Asks: 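One structure, as structure tokens, below. Some questions next.
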Amino acid sequence: MTKSDNGRDSTSKDGNTSKVGSTGEDGLTLRIAQQPEADELLARSPLAALVGMLLDQQVPMEWAFTGPYTLAERMGSDDLDAGKIAAYDPDAFTSLFTTKPALHRYPGSMAQRVQQLCQYLVAEYEGDASAVWRDAGTGEELLRRLNALPGFGTQKAQIFLALLGKQFGVRPAGWRAAAGAYGEDGSRRSVADITGPESLAEVRAYKQEAKAAAKAAKAAKAAKAAQTTTTATTATTATTAKAAKGPSKG
């Protein structure tokens, strides 16, 4: 399959791209934000996709990935420009995020992170977001590049790597392995697997179950620690009491 200039196939080989959704300039169809205009921007703008991924924390996924479109609108453009964002006055840029409706649950801190991301892209990739993955030879190399981006930890980097592979057609050798569980075919773990309302609901259910399991595990660990502390305290108290009575006269 012929790839577009930004290194993406127009159709996913994994069958994850829905036939009904918003189509970018290179024919890529996405249904992540669940809003046609926002999804169209994500499909044609590598920077918008990166910013959406950066915003995807502590807010609903569709809110996060609608953010780039709203930001572009507030900047008076139909796309995001890394150079322009990098050079933007910090306070003025923050106001773009805090203006109601806010772009994120934590608009101030996320505005700072988006600006830091764009400043990094300007310094390392001449402001070209797609250059992060365009010539990556292996999945591990791409993961390292993504992990180096401001605001991208290992988990976020793996999820975005999976998104690139499953829906954007960016598949360097070993990309599934580098993406970990998020790269598994047919999984419903992250935004990489969202192709419409149904899969969005499945991913959200998975996240809720994972969160509940983590909470239960944390509670069990705390309970075990408390029990261990109580046992140790009881033993210490018994030893102290025995010592206070002095040696046995038997």
Side-chain angles (χ1 to χ4, degrees), residues 1-19 21 23-24 26-33 39 42-57 61-62 64-65 117 121 125 128-211 213-214:
M1 181 174 291
T2 301
K3 293 196 174 186
S4 63
D5 292 340
N6 61 9
R8 299 179 299 181
D9 289 334
S10 62
T11 305
S12 169
K13 296 177 182 178
D14 288 318
N16 287 315
T17 301
S18 172
K19 294 181 180 180
T23 305
D26 62 357
L28 178 68
T29 301
L30 296 178
R31 293 188 69 189
I32 295 175
D39 279 325
L42 295 172
R44 64 178 167 83
S45 172
L47 180 56
L50 273 179
V51 170
M53 188 71 248
L54 179 61
L55 296 177
D56 187 22
Q57 56 190 67
M61 290 171 283
E62 61 271 36
F65 282 89
L117 170 64
L121 291 173
Y125 296 100
D128 182 3
S130 67
V132 176
W133 54 82
R134 184 186 298 121
D135 62 350
T138 67
E140 285 297 330
E141 179 184 358
L142 178 50
L143 180 62
R144 285 194 296 271
R145 292 185 184 188
L146 292 171
N147 207 19
L149 297 175
F152 277 66
T154 299
Q155 183 184 46
K156 191 178 289 290
Q158 285 187 313
I159 292 173
F160 193 74
L161 198 164
L163 176 61
L164 288 174
K166 291 182 175 183
Q167 300 205 47
F168 285 77
V170 179
R171 304 186 182 97
W175 71 271
R176 284 192 187 277
Y182 301 107
E184 294 177 0
D185 188 17
S187 65
R188 288 291 183 268
R189 296 174 179 271
S190 72
V191 67
D193 305 309
I194 296 175
T195 58
E198 183 177 343
S199 53
L200 171 62
E202 291 173 347
V203 170
R204 179 162 288 135
Y206 170 82
K207 287 192 170 189
Q208 290 173 342
E209 290 173 4
K211 185 176 181 179

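These figures come from a predicted structure and were not determined experimentally.
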Asks: Indicate yes or no for a side-chain donor-acceptor contact from K156 to the backbone of M53 under 3.5 Å, with no hydrogens or angles considered.
Replies: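 Confirmed, K156 side chain pairs with M53 backbone.
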Asks: Any chance you could measure Y125, atom OH, to R145, atom CZ, to the nearest 0.5 Å?
Replies: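 Taking OH in Y125 and CZ in R145, the distance rounds to 5.0 Å.
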Asks: Can you sort out the partners of R144 under salt bridge (charged side-chain N to carboxylate O under 4.0 Å, His left out), two or more places apart, ordered by chain and number?
Replies: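 By the salt bridge (charged side-chain N to carboxylate O under 4.0 Å, His left out) rule, R144 matches no residue at all.
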Asks: What is the minimum heavy-atom distance between A157 and L143, and which atoms define it?
Replies: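 Distance-wise, the nearest heavy atoms are CB-CD1, 3.7 Å.
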Asks: Atom CG of L30 and atom CG of L163: how far apart are they, to the nearest 0.5 Å?
Replies: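 If I round to the nearest 0.5 Å, the distance is 7.5 Å.
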Asks: To the nearest 0.5 Å, what is the distance between NZ (K166) and CG (L161)?
Replies: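 That separation rounds to 11.0 Å.
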Asks: Which atoms form the tightest heavy-atom contact between A33 and D39, and what is the distance?
Replies: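 Distance-wise, the nearest heavy atoms are N-OD1, 2.7 Å.
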Asks: Evaluate the side-chain proximity of T29 to T195: yes if any heavy-atom separation is below 4.5 Å, no if none is.
Replies: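 No - every pair of side-chain heavy atoms lies 4.5 Å or more apart.
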Asks: Begin from the C-alpha positions of V191 and V203 and carry the test side-chain contact (heavy atoms from CB on, under 4.5 Å) through to its verdict.
Replies: CA-CA 7 Å; V191 67; V203 170; over 6 Å; no
Asks: For L28 and A43, which heavy atoms make the closest approach, and how far apart are they?
Replies: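 The answer is O-CB, 3.5 Å.
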Asks: Taking only residues two or more places apart in sequence, or in another chain, which ones meet E140 in a salt bridge (charged side-chain N to carboxylate O under 4.0 Å, His left out)?
Replies: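 Partners of E140 by the salt bridge (charged side-chain N to carboxylate O under 4.0 Å, His left out) criterion come out as none, since no residue qualifies.
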Asks: What closest approach, in Å, do P172 and A136 show between heavy atoms, and which atom pair accounts for it?
Replies: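 Smallest interatomic distance, heavy atoms only, reads CB-O, 3.5 Å.
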Asks: side-chain contact (heavy atoms from CB on, under 4.5 Å), that's the test. Do L50 and L121 meet it? Break it down for me.
Replies: CA-CA 11 Å; L50 273 179; L121 291 173; 4.2 Å; yes
Asks: Between Q57 and L54, which heavy-atom pair has the shortest distance, and what is it?
Replies: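 In terms of heavy atoms, the two residues are closest at OE1-O, 3.5 Å.
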Asks: Run Y206 and R189 through side chain to side chain donor-acceptor pair (under 3.5 Å) and show every step you take.
Replies: CA-CA 6 Å; Y206 170 82; R189 296 174 179 271; 2.5 Å; yes
Asks: Which pair of heavy atoms, one from A162 and one from W175, lies closest together, and at what distance?
Replies: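 Closest heavy-atom pair between A162 and W175: O-CZ3, 4.1 Å.
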Asks: Roughly how far, to the nearest 0.5 Å, is CG of L200 from CG of D193?
Replies: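 Spacing of CG (D193) from CG (L200) equals 11.5 Å.
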Asks: Hey, can you tell me if F152 and F160 have their rings parallel, tilted or perpendicular (30° and 60° cut-offs)?
Replies: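 F152 vs F160 ring planes: perpendicular.
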Asks: If I take atom CG from residue L55 and atom CE from residue M61, how far apart are they, to the nearest 0.5 angstrom?
Replies: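 So the CG of L55 and the CE of M61 are separated by 14.0 Å.
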Asks: Mark yes or no for whether Q167, through its side chain, and I194, through its backbone, hold a donor-acceptor pair below 3.5 Å.
Replies: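 Yes; judged by distance alone, with no hydrogens or angles, the pair exists.
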Asks: Could you measure the distance from the CD atom of E209 to the CZ atom of R204? Nearest 0.5 Å is fine.
Replies: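 Between atom CD of E209 and atom CZ of R204 there are 13.5 Å.
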Asks: Partners of E202 by salt bridge (charged side-chain N to carboxylate O under 4.0 Å, His left out), sequence neighbours excluded?
Replies: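 Testing E202 for salt bridge (charged side-chain N to carboxylate O under 4.0 Å, His left out), a comparison that skips the adjacent residues, returns R188.
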